[in-house]
A.B. asks: 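What follows is a structure written as structure tokens; I'll ask about it next.
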Amino acid sequence: MGFLPSNYQLTICLLYSLIFCFSSSSAHLCHNDESTALLQFKQLFSFNCSACDCPSYLSAPFTDNWKEGTDCCAWDGVTCDNTTSHVIGLDLNCNCLYGTIHPNSSLFNLVHLQHLDLSENNFNHSQILPSFGRFTNLTHLNLSLSYLSGPIQPSEEEVWQGNNFSNSIFHLQKLQELRLGGNRELTGKLPSFINGTLWHLRHLRSLDLSEIDFTGELPNSIGQLEYLEVLGLAACNFSGTIPRSLTNLTRLISLGLGGNNWINGQFPSSIGHLKNLEELFLNDCNFFGTIPTWLGNLKKLRMLDLGGNNLINGQFPSSIGHLKNLEYLYLSDCNFSGTIPRSLTNLTQLIWLYLSSNNFEGPIPQLFSNFSQLQSIDFSNNQLTGPIPSSITGLPHLQDLNLGSNSINGTIPPSLFHLVNLTYLDLSSNNLSDTVELDTFAKLEYLDSLVLSHSGLSLTTTNSTHSSFRNIRTLRLSSCNINKIPEFLKTRMELLEALDLSNNHLDEELNPLCILHSLIYLDLSNNQFGGLIPTCLGNFSGTLTVLNLQSNNFHGTIPQTFGYTSTLQELDISHNGLQGVLPRSLANCMNLKILNLGHNFIEDAFPFWLENLPQLKIIVLRDNKFHGPIEQPRKRLAFTNLHIIDMSHNEFTGTLPSIYFESMHSMMMDDEGKSLNYMHIGYGYYSVNIMNKGLEMTLVRIITIFKAVDFSHNKFDGKIPISIGRLKALHVLNFSRNGFTGPIPLSLVNLAELESLDLSQNKLFGEIPQQLTSLTFLEVFDVSQNNLTGIIPRGQQFETFSNISYGGNAGLCGFPLSKECKTPKIAESPSLPSSSSHNYECRLDGFGWEAVSMGYGCGAVFGLVIGSCIIRRKEEWLARIFRLKMCHQKNRSNEVRYQHGAR
Ligand SMILES: *[C@@H]1O[C@H](CO)[C@@H](O)[C@H](O)[C@H]1NC(C)=O
Ligand SMILES: *[C@@H]1O[C@H](CO)[C@@H](O)[C@H](O)[C@H]1NC(C)=O
Ligand SMILES: *[C@@H]1O[C@H](CO)[C@@H](O)[C@H](O)[C@H]1NC(C)=O
Ligand SMILES: *[C@@H]1O[C@H](CO)[C@@H](O)[C@H](O)[C@H]1NC(C)=O
Ligand SMILES: *[C@@H]1O[C@H](CO)[C@@H](O)[C@H](O)[C@H]1NC(C)=O
Ligand SMILES: *[C@@H]1O[C@H](CO)[C@@H](O)[C@H](O)[C@H]1NC(C)=O
Ligand SMILES: *[C@@H]1O[C@H](CO)[C@@H](O)[C@H](O)[C@H]1NC(C)=O
Ligand SMILES: *[C@@H]1O[C@H](CO)[C@@H](O)[C@H](O)[C@H]1NC(C)=O
């Protein structure tokens, strides 16, 4: 193979330019077949950056300069060998490729490849094909975050059955780096490395299988990969114990085992021998007990994450004081108590220090003077008291300061305003007592997020329109005693995305805010804003996602403009004085998830025309003047995604069309057992008032598994449709105060999740079905004021209901009523109530699975962070770390890139 171009290429060269030809011939010209293979490969994909998990500023279809007739060795992403001119490297990371890789793809003709990086594209559930085995000289393979699915490799059984898998990815003997992390649809069992299928991989230096959905255990033979320097096994769904053989991996520099279900609960002592470790992630591992002293041996550690483990004795490990090279320390959510430990003073190299969500108490120590490198502090969600220390000024590099959700009191030290590099400041939910001019914070000119909600501070605003909040993106000032909209908000704030002025004393008109065109999130709830809802809010330039105007004094009709932008996901205009009909333009809000119109004077028929909004999860029409019958749905599939429907306190009439309940698929799906997620939109968690268990309560964060139907206080009549029994996932069902007749449908027995069932004040007759005793989660049961007869069922939860549940039914008898039944009673065996209510309060505080899974969910996180949708910093921080280390263990320059990426 020479340096002379082939005839074909020569001709093309002449056609294009001689200069090109000469300049390139002095280096190398690619082989025809390889050039063709690359072009064919490119052809198979569409370029769809939104389908991929890359931040927009990294996404680029750089195959743009792949043109027929040019030297492919000069193409972006392609590397050729200097002597043979064969393509030996292909780097298409973040190239917006969308499409499937087929077994006969021309990609596999590039057999000389040594480096192949196709990560962070979307291969649309492609499998990891045996054809990858053709790249016999491959040393580096990165397919992470690229939507691959299917079995990770053939099962051990298949191998022993003599099937020929010599062509698989796991037979690439020269492989030094294998990265498949972030492909959550890959499944299977990780086989033995000794002489199983993975024997050939024993030369690996870097292995990342994070987030692959493995079954079974991590094989002990992992200890055979003696050259490993990087091992990423975060969130791999491993059970069992951490193999002792890890002891042998003494070259390890970076180890991530977080987010698995390890069973033995102790920190594995084998890790204490890995003296070269610089990065260690053992977060969210179900470990309990104490942090072992061997940790102090790992002197090279720069990054340590033990967060999310339930350490029992609450003692902060003094061994951490020996890790003088620590730069990043994450000990959030570890059950620590006591004061913030002195041993931290030794860690003078610290850059990030996260101690959030523990039980630390007492004042914040004046130890800051030691930490001149600190950029990020998170002490949020503890019980810290006392003032913000004035020594904070000794942290010139501080960028993020989160002291939210503590009991910090006193005033804001003037030194805080000397931290000119601050970009994120959260003092929310504290007991500060100070009156501060909002503009004072503008001295911090790089500030992009200012969160002072519920801090105790009173903010005054000046009439100055000039403000230097030039970089502000998030401004959250709920409950800050503000009397007047700051003038600067009435000027162009090009970057402002999230504005929360809820719970203040604002009583102006909203029109001046129409200038805030880039808003994504606007919460003005609980003020005294009056007048009409400005039409501009309906057509903000295609960005507004959340609009909350709850509990103000708006009147007039809802503007027809809603629906002009389809970005709107949450619209809450409840508790106002709005009248008229609903604007039909709402039917265009294809992304609408939450619609709360409760407590107004809206006069309209049932909005069946919302039935095909595919995302609609919560609809609240409560306490309005909606009237008339619920007509049959126009579409066969109506309201399929609904989780909560509240039509109570209106004037609806007629019978309930059975067919609606047959298409509410989300209410049929029992999501129990799936991880608990909160329903969240953009910058926050949605909350809604709901009648549950006889009380109106606010679900501050709605768990996605929570399903409720409330049709109470209307004039419905006819029978309760049997089809209601199909909504198997319902937790709350309220049909009270209507005119329903007929018997209690037996189908209710299918609602196994039901916690509250209220059928009171209707005209129901017949007996209470004995089978309802199988509803073991039922806590509230009310059938009072009907015409029911017969024996009250006994057993299970029915032993716990009082006579209030049955009053006003002359024909009922038996326990708990004093009226005895004439015939001998059937049911006895009052077994103990078998259960309490579902335990979903348990995760209402702190961060639950969502945060955890997002932490690893590199894919998901990117979308969220980059779309700047999530502002809860804990999550963002977690995201940053994992983004940084587990998903992108490439090289230093990338680390820096991603670090910025997640800001
Ligand atoms: C190939 O050539 C380039 C530029 O002349 C040089 O930077 C590179 O090190 C060479 N690579 C090899 C493997 O010789
Ligand atoms: C693989 O590498 C070896 C040694 O460098 C070389 O001789 C051989 O030609 C290469 N094979 C391919 C297909 O590039
Ligand atoms: C490899 O597997 C075979 C078959 O199961 C077994 O007989 C042999 O002992 C194994 N070798 C090692 C080193 O474990
Ligand atoms: C560690 O390596 C040694 C020597 O290579 C070997 O004998 C031992 O079995 C290994 N230990 C484990 C736990 O795999
Ligand atoms: C700080 O480090 C020194 C050794 O360099 C050690 O003796 C001391 O105990 C450490 N202090 C704390 C509080 O851990
Ligand atoms: C802000 O940060 C930069 C870079 O980290 C640093 O050089 C500068 O001194 C800091 N500013 C102040 C006032 O400390
Ligand atoms: C702050 O709280 C501490 C203890 O909780 C108390 O002793 C102190 O007086 C308080 N300071 C102010 C300014 O309220
Ligand atoms: C701001 O208000 C003060 C007094 O309330 C007044 O003297 C000043 O002229 C006002 N400035 C502007 C720009 O309106």
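Keep in mind that this is a model prediction, so the values were computed, not measured. For the single chain, residues carry numbers from 1 onward in sequence order. All ligand and atom numbering here is 1-based and tracks the order in the structure.
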A.B. asks: Do me a favour and list the nearest non-hydrogen protein atom to atom 14 (O) of ligand 2 with residue, atom name and distance?
C.D. replies: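 I find the closest protein heavy atom is H112 ND1, 2.6 Å.
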A.B. asks: Within the 4.0 Å heavy-atom shell around N137, which atoms of ligand 2 are there?
C.D. replies: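 That gives atoms 1 (C), 2 (O), 3 (C), 8 (C), 10 (C), 11 (N), 12 (C), 14 (O) of ligand 2.
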A.B. asks: Cut-off 3.5 Å, side chains only: do N93 and S119 have a donor facing an acceptor?
C.D. replies: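 Side-chain D/A pair, N93 to S119: present.
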A.B. asks: Which residue owns the protein heavy atom closest to atom 13 (C) of ligand 7, what's the atom, and how far is it?
C.D. replies: G410 CA, 4.0 Å
A.B. asks: Would you check the N or O atoms of T385, main chain and side chain alike, for any that come under 3.5 Å of an N or O of ligand 7?
C.D. replies: no
A.B. asks: For atom 5 (O) of ligand 2, is the nearest protein heavy atom closer than 4.0 Å?
C.D. replies: no
A.B. asks: For the cysteine pair C73 and C30, state whether the SG atoms are less than 2.5 angstrom apart.
C.D. replies: no
A.B. asks: Side chains of F441 and L459, heavy atoms from C-beta outward: is any pair under 4.5 Å?
C.D. replies: yes
A.B. asks: So does N406 get a backbone contact from the side chain of N430, meaning a donor-acceptor N/O pair under 3.5 Å?
C.D. replies: yes
A.B. asks: List every atom of ligand 2 that sits less than 4.0 Å from any heavy atom of V111, numbering the atoms from 1 in the order shown and giving each element.
C.D. replies: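 Checking each atom against V111, I get 13 (C).
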A.B. asks: Among D434, T411, I408, N409, which one has a heavy atom closest to atom 3 (C) of ligand 7?
C.D. replies: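 Going through D434, T411, I408, N409 one by one, N409 has the nearest heavy atom to atom 3 (C) of ligand 7.
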A.B. asks: Protein heavy atoms: any of them under 4.0 Å from atom 9 (O) of ligand 7?
C.D. replies: no
A.B. asks: At a 4.0 Å threshold, what atoms of ligand 2 neighbour a non-hydrogen atom of K174?
C.D. replies: 1 (C), 2 (O)
A.B. asks: Work out whether the distance between some heavy atom of R134 and some atom of ligand 2 is less than 4.0 Å.
C.D. replies: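 Contact absent.
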A.B. asks: Can you tell which of S380, S332, S376 makes a side chain to side chain donor-acceptor pair (under 3.5 Å) with Y354?
C.D. replies: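 The option that passes is S376.
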A.B. asks: Taking the side chain as every heavy atom from C-beta outward, state whether Q114 and K174 have any atom pair closer than 4.5 Å.
C.D. replies: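 With C-beta onward as the side chain, the pair stays apart.
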A.B. asks: Tell me which one of N402, L401, D378 satisfies side chain to side chain contact (heavy atoms under 4.5 Å, CB included) with D426.
C.D. replies: N402
